[in-house]
Amino acid sequence: MRIDIITIFPDYFAPLELSLIGKARAAGILDIRLHDLRSWTHDRHNTVDDTPYGGGPGMVMKPEPWGEALDAVIGAGRATPDQGSSPDTPDGTPGPGAVPRLVVPTPSGTPFTQERARRLSEEPWLVFACGRYEGIDSRVAADAARRMPVEEVSIGDYVLAGGESATLVIVETVSRLLPGVLGNAESAVQDSFATGAMENLLEGPVYTKPAHWRGLEVPPVLLSGDHGAVDRWRRHEALRKTARNRPELLRALAEAGMAGLDRRD
Ligand SMILES: N#Cc1c(-c2ccc3cc[nH]c3c2)n[nH]c1N
């Protein structure tokens with residue numbers, strides 16, 4: 001997967017050189033490219049913002065630098081989304097003439113979920129537009145949508161100072177789902193919100209050595225070697241955690257008949 005990130009704070013993404021994502025980049029699984037939006041300004045102050053039409057507080061990011069940046073990164077006049085992307089190369093990287101999906105983090109976006117991360121992880125090429133100030137001139141997304149799919153995404157109901165933190169969250173969540181990024185030891189199968197193994201339940205408690213620590217014991221079932229009993233215990237604990245911390249999830253699962261609540265184990 002190729003990921004392009006356009007931002008006025010490229011250094012914000014130094015963490016993407018570390019840990020699993022850093023290793024995936026070194027292994028060629030991820031091709032992450034950072035672009036400083038100010039590279040597409042032409043005035044002596046590298047201006048990227050201006051006052052909002054209609055008045056109001058703060059500043060809005062100007063469309064011109066964004067338009068030039070997206071043209072340069074993606075290529076102006078690529079195939080329109082309904083013409084689809086050209087086939088990717090055998091290793092899944094975008095082929096010549098490929099069309100990326102533009103992801104625009106914004107508080108007014110649609111919710112970012114694990115299922116959406118799974119869907120994005122199947123894309124060969126993502127481009128992230130990191131806004132600042134009061135946001136990016138709305139014509140930027142409208143212009144981009146003429147050439148590629150555009151998704152406005154929110155990572156939660158709170159207000160950040162810019163799109164960089166959200167982009168880090170989305171890139172990490174998506175990248176860890178790519179084949180080869182997580183080793184067997186960190187399998188994403190048992191994740192909270194993952195489908196399948198724990199049916200979208202929250203992950204229950206986890207333990208490792210030592211079995212006794214500061215007077216606190218590891219639950220004996222986990223030391224029993226009885227894998228069936230361990231699986232039943234873990235599911236029960238996941239149900240308890242979900243009921244305590246996210247009861248609305250449990251109601252939704254019960255209504256969908258997915259929590260296996262009617263099972264007698
Ligand atoms: N995603 C997301 C966001 C943001 C966000 C995103 C972009 C900008 C640009 C200026 N301010 C921003 C806030 N706040 N809260 C979220 N869940």
Side-chain angles (χ1 to χ4, degrees), residues 1-16 21 30 32-41 45-70 73-74 100-123 125-145 148-178 191-193 202 245-246 248-249:
M1 177 187 281
R2 175 177 167 178
I3 296 177
D4 289 88
I5 301 172
I6 305 171
T7 171
I8 59 173
F9 295 122
D11 293 347
Y12 210 100
F13 294 96
L16 296 181
I21 293 180
L30 271 174
I32 298 180
R33 307 180 190 191
L34 300 177
H35 309 275
D36 186 339
L37 179 68
R38 295 189 195 276
S39 304
W40 288 279
T41 61
H45 297 297
N46 300 115
T47 306
V48 293
D49 64 307
D50 205 334
T51 54
Y53 274 124
M59 303 291 274
V60 174
M61 298 193 93
K62 295 166 58 63
E64 302 97 322
W66 279 106
E68 290 185 34
L70 290 169
V73 170
I74 296 162
R101 184 167 292 267
L102 178 64
V103 180
V104 185
T106 169
S108 58
T110 48
F112 179 65
T113 63
Q114 188 65 25
E115 174 51 27
R116 193 163 189 182
R118 190 201 55 73
R119 181 169 56 74
L120 289 175
S121 72
E122 294 171 350
E123 293 288 333
W125 186 9
L126 300 176
V127 176
F128 287 85
C130 299
R132 279 275 154 171
Y133 310 103
E134 298 304 312
I136 303 171
D137 184 299
S138 297
R139 290 169 292 180
V140 172
D143 175 60
M148 70 199 86
V150 178
E151 295 195 25
E152 294 189 326
V153 181
S154 169
I155 64 166
D157 293 338
Y158 39 80
V159 182
L160 301 167
E164 284 79 8
S165 307
T167 297
L168 277 172
V169 166
I170 297 168
V171 167
E172 178 168 325
T173 309
V174 169
S175 297
R176 68 188 293 278
L177 297 175
L178 296 177
D191 282 353
S192 291
F193 303 101
L202 300 185
N245 291 355
R246 295 293 300 275
E248 79 283 1
L249 281 182

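Note that this is a predicted model, so its numbers are computed, not measured. Every number for a ligand or one of its atoms is a count from 1 in the order of the listing.
Side-chain contact, R116 with T173: no donor N or O sits under 3.5 Å from an acceptor N or O. With 3.5 Å as the limit, one finds no donor-acceptor pair spanning the side chains of T167 and Y12. A side-chain N or O of T7 and one of E164 form a donor-acceptor pair less than 3.5 Å apart. Side-chain polar atoms of W66 and D143 form no donor-acceptor pair below 3.5 angstrom.
Closest to atom 10 (C) of ligand 1 among all protein heavy atoms lies Y133 O, 3.3 Å. Closest to atom 15 (N) of ligand 1, if we only count protein heavy atoms, is Y158 O, 2.6 Å.
For ligand 1, the polar-atom distance check against P107 finds no nitrogen or oxygen pair separated by under 3.5 Å. Ligand 1 has an N or O atom lying under 3.5 Å from an N or O atom of T106, backbone or side chain. Among the atoms of R132, none of the N or O lies under 3.5 angstrom from an N or O of ligand 1. Below 3.5 Å of separation, one finds no N or O of P105 facing any N or O of ligand 1. Remark: ligand 1 and L160 share an N or O pair separated by less than 3.5 Å (distance only, no angle test).
Counting the atoms of ligand 1 from 1 in the order shown, those under 4.0 Å from a heavy atom of A161 are 10 (C), 11 (N). Each of the following atoms of ligand 1 lies closer than 4.0 Å to a heavy atom of S154: 1 (N), 17 (N). Per-residue contacts place V153 under 4.0 angstrom from the following atoms of ligand 1 (heavy atoms of the residue considered): 1 (N). Applying the 4.0 Å criterion to heavy atoms of A166 picks out, from ligand 1, the atoms 1 (N), 2 (C).
Comparing P111, G156, G131, G135 by heavy-atom distance to atom 17 (N) of ligand 1, the nearest is G156. With G162, S108, G109 as candidates, the residue nearest to atom 8 (C) of ligand 1 on a non-hydrogen basis is G162.
Between Y133 and V60, the closest side-chain pair of non-hydrogen atoms is not below 4.5 Å.
Looking only at distances, no side-chain donor or acceptor of S175 sits under 3.5 Å from a matching main-chain atom of E172. The backbone N or O of T41 sits nowhere less than 3.5 Å from a side-chain atom of T47 that would complete a donor-acceptor pair.
Here V159 has backbone heavy atoms under 4.0 Å from ligand 1, and that is the only part of it that gets that close.
Of all heavy-atom pairs between R38 and I8, the closest is NH2-CD1, 3.8 Å.
Look at R119 and E151 and you find a salt bridge, because one of the NZ, NE, NH1 or NH2 atoms lies within 4.0 Å of a carboxylate O, short of that distance.
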